[in-house]
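When reading the values below, keep in mind they use all heavy atoms of this one structure, side chains included, and skip hydrogens, waters and symmetry mates.
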Amino acid sequence: MAIFPQGMTNVDRRCNAGERRVFHQLRRCLDDDCWVWHNVPIGSRARQPDFVVLGPRLGILLLEVKDWKRTTLVGATRDAVELDTPQGRVTQANPLRQARDYALELVDLMKADPALVHSDGAFKGKLLFPFGWGVVFSRLRRADVHGSDFGSVFPAQQILMADELDDTVDPGAFHKGLRDLFTVHYPHTLTLPQRDRVRWHLFPELRLQPQVSLNFGARDDAAPALPDLLQVMDLQQEQIARSLGEGHRIIHGAAGSGKTMILIYRAQHLAAVARPEQPVLVLCFNRTLADRIAAQLRARGVDERVQVRTFHSWCKDVVDSYQLDVPKTESAQEWYEALARTVERALENGFVPGGQYTALLIDEAHDFEDAWLRMATRLVDSSTRSLLVLYDDAQSIYQPKRRKFNFASVGIEARGRTSVLRLNYRNTAEVLALAVQCARSLLEGAGEARGEDEIPLVQPRTAGRRGDMPTLLTARDATEEAELIADRVREAHSGGTALGDIAVLCRTKYLMSSIERALRARHLAVQSMQAQAFRRFDWSKPSVKLLTLHSAKGLEFPMVFVAGLQAMPMRDESLEEAARLLYVGMTRATHQLVLSAHGQSAIVERVRSALAEVAKKFAVARG
């Protein structure tokens, strides 16, 4: 049975009568390695064929479906058809010409990708795989057009008729009918990476908008290259993203599994139906992540119909808009708590109306208080109840682990609408192995069966991408550590790594000063959270980013330094809290991870021991 990334129920509901007959025949007759999409925009010009079929041995096929009766079709040329409809005579584009134009436009796009064309031989420069197009006349039988000039406009080898859609048709015969629609053949079996590259060209909305530059290993002034495999959703991610409907939804995902990517896809989709007076709201905990999500959405052309806020900045907006009184407090932390309580009470008593948003999407929901999640359910329009919650208990660095927490207790009803993402695509196998080894006590019990409303602990599984082993730099003092880091950054940049692809993460801001000085001494552009005038990062500026470990949540960079490990754990935190924060920091690195310290601590010892274990593991694997 073919795979439908949009979900079979969703496709069935969206189809008209003729498309539904084609859908059921594709589902019945195609093998389970074939992927089929219905009525989705493809390519840079967002063309919308009725069905797109992609199979490893089949190739790519575009189908237009017409549910015309014989009496409906008055006349046809190669460019247009004339139809007799209840509204009178109308002229439409010839669907066969339409499908052909869509297919050839897509072929031209993919031929620019060296990974998808023959590099030499008789087919040099041609696509590696077959492609084709055709029209399915779901109500016309061959007998209906026998003896007419129908075949002169719609050649038999480029169409399927109602005869081929009967349940009695042998699946093999139907499959052969599809193959006959291919006018170009290059015998080839697509690998999974090649299929992902095809999907990248087919569906721009599935492309991962990177945190920084598209091309790891390129200088800042280099032209962008075609993306690698990390920059397109995998099939499970696509299935979840496309099948998200109304109602409460929860995604539990390990670090690097693509949760934020799905949120961005969903927000972009919802923006098309949101009204300015009832926008879509995206909430997260830290400002850096909120800024980055907003920047990615704006880069995709999403306007202010999608609003991105931290929870507390949203509360402040509410307080200002409704002129609420927040009690004066002794400290900033107490004020934030009072701010949240004030808005919560205003929602409960109706002073602030609920249902103000078409949809609400919460990233890093594991950092939210229970009361904040209860508030979330009040914010969404009751006609849609469109609430998406992304969660990973292993990355809960602001809240204690809530082993007994369940979503039903805060009003989030997602039974039957919960997904789990385990594969980690962000990190190399080496980086992920080190992060998991350092956080092993935090991940105990991962995979244990729990009730559907309870929080599963998801241990990440590597997608298998290999890279360099992480390293630990040790220094005598802060100045030497900063010099070592700055030399590594300069070396990487000289070797082709864009400055925007590099981040240095520290436990606290005071650790950044010496590192910033060392980078500037080497004439390397840098943006630092320690800077006196710092408000937010300019993500378009090619520069090394100096962030706290907390602020790095949800972000990723090809090259990451985690500096000042001797300061962990800090005086007011436990070893396990420090290990959780370190796990978050390590898993920001997509390619290279460098750790550093200028002293000893329990975390330094844990990292040193974990590095030895991971090195031994990969040495055995190579042996």
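Using a 4.0 Å cut-off between a side-chain N of Lys or Arg and a carboxylate O of Asp or Glu, Arg520 and Glu516 qualify as a salt bridge. Of the charged side-chain nitrogens involved, none lies within less than 4.0 Å of a carboxylate oxygen, so that Arg298 and Asp303 do not count as a salt-bridged pair. Between Asp113 and Arg197 there is a salt bridge, with a side-chain nitrogen of the basic residue lying less than 4.0 Å from a carboxylate oxygen of the acidic one. Salt bridge Glu577/Arg580: absent, no basic N to carboxylate O contact under 4.0 Å.
Counted by atom type alone, Ser543 and Lys545 present one or more donor-acceptor pairs between their side chains at under 3.5 Å. Remark: the Thr590 side chain and the Glu556 side chain contain no N/O donor-acceptor pair separated by less than 3.5 Å. A donor atom on one side chain and an acceptor atom on the other are found under 3.5 Å apart for His366 and Glu364. A donor-acceptor contact closer than 3.5 angstrom links the side chains of Thr260 and Asp363.
Applying the ring pair (Phe, Tyr, Trp, His ring centres under 6.0 Å) rule to Phe561 yields no partners; only residues at least two apart in sequence or on another chain are considered. Taking the ring pair (Phe, Tyr, Trp, His ring centres under 6.0 Å) definition, one finds that Tyr336 meets it with His312, sequence neighbours left out. Residues that satisfy the side chain to side chain donor-acceptor pair (under 3.5 Å) test with Thr191, not counting sequence neighbours, are Gln194. For the side chain to side chain donor-acceptor pair (under 3.5 Å) test, residues two or more places apart in sequence or in another chain that qualify with Asp487 are Arg490, Arg522. By the side chain to side chain donor-acceptor pair (under 3.5 Å) test, Ser601 is found to be paired with no residue, residues two or more places apart in sequence or in another chain being considered. Listed by chain and number, the residues in a side chain to side chain donor-acceptor pair (under 3.5 Å) with Arg536 are Asp291 (sequence neighbours excluded).
For Arg461, the CZ atom counts as loosely surrounded, since its 6.0 Å shell holds 12 or fewer non-hydrogen atoms of other residues, nucleotides or ligands.
Minimum heavy-atom separation, Ile251 to Ile262: CD1-CG2, 3.8 Å.
Ring centroids of Phe311 and Phe285 are separated by 6.0 Å or more, keeping the two rings apart.
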